[in-house]
Amino acid sequence: MTPIVAFERVMHCLDRAHANGFKVKAFAGALETVRAMEPDELRRRAGNGTLKDLPGVGDASATLIREALA
């Protein structure tokens, strides 16, 4: 599973649960950041622990990215 697919799945689940607010906005922002990146750069950042330096990527988003890449 790619990070993009993982974020899209999370967004789908949040939508199905009728979630709104900060969590939805946070994952949507992180998804846009991930979509704009080259996959190799994302893997490099996951490996060196700099995912949270990206705009819109916090703890939960960084964890999602690392798990999707694993």
Side-chain angles (χ1 to χ4, degrees):
M1 175 178 291
T2 68
I4 292 173
V5 171
F7 274 106
E8 288 172 344
R9 179 69 181 148
V10 167
M11 294 300 295
H12 172 76
C13 291
L14 289 171
D15 182 57
R16 294 285 310 241
H18 303 286
N20 56 32
F22 178 77
K23 183 184 281 190
V24 173
K25 289 179 184 178
F27 277 113
L31 172 58
E32 291 308 311
T33 295
V34 169
R35 281 184 176 151
M37 294 189 66
E38 292 293 326
D40 289 339
E41 173 68 9
L42 198 58
R43 280 192 279 291
R44 185 186 68 74
R45 286 182 170 273
N48 68 18
T50 60
L51 286 171
K52 292 194 304 183
D53 294 341
L54 296 169
V57 177
D59 291 330
S61 297
T63 299
L64 180 65
I65 294 166
R66 283 190 303 273
E67 289 178 0
L69 290 172

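Treat the numbers as computed from the prediction; the structure is a model and nothing was measured. Values below: every heavy atom of this structure, side chains too, minus hydrogens, waters and symmetry copies.
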For [X] versus [Y], what's the shortest heavy-atom pair and its separation?
X   : Y   : value
V57 : A30 : CG2-CB, 4.3 Å
T33 : M37 : O-CG, 3.2 Å
L51 : L42 : CD2-CD1, 3.8 Å
G56 : S61 : O-OG, 4.2 Å
V34 : P3  : CG1-CB, 4.0 Å

Out of curiosity, [X] [atom1] to [Y] [atom2], how far, rounded to the nearest 0.5 Å?
X   : Y   : atom1 : atom2 : value
E32 : I4  : CD    : CD1   : 9.5 Å
D59 : L64 : CG    : CG    : 12.5 Å
R45 : L54 : CZ    : CG    : 4.5 Å
T63 : K52 : OG1   : NZ    : 8.0 Å

| task | Take atom CD of E38 as the centre, draw a 6.0 Å sphere, and report whether it contains more than 12 heavy atoms from other residues, nucleotides or ligands. | result | no
| said: Within a 6.0 Å radius of atom CZ on R9, are there more than 12 heavy atoms belonging to other residues, nucleotides or ligands? | reply: no
| query | Any ion pair linking R35 and E8 (charged N to carboxylate O, less than 4.0 Å)? | reply | yes
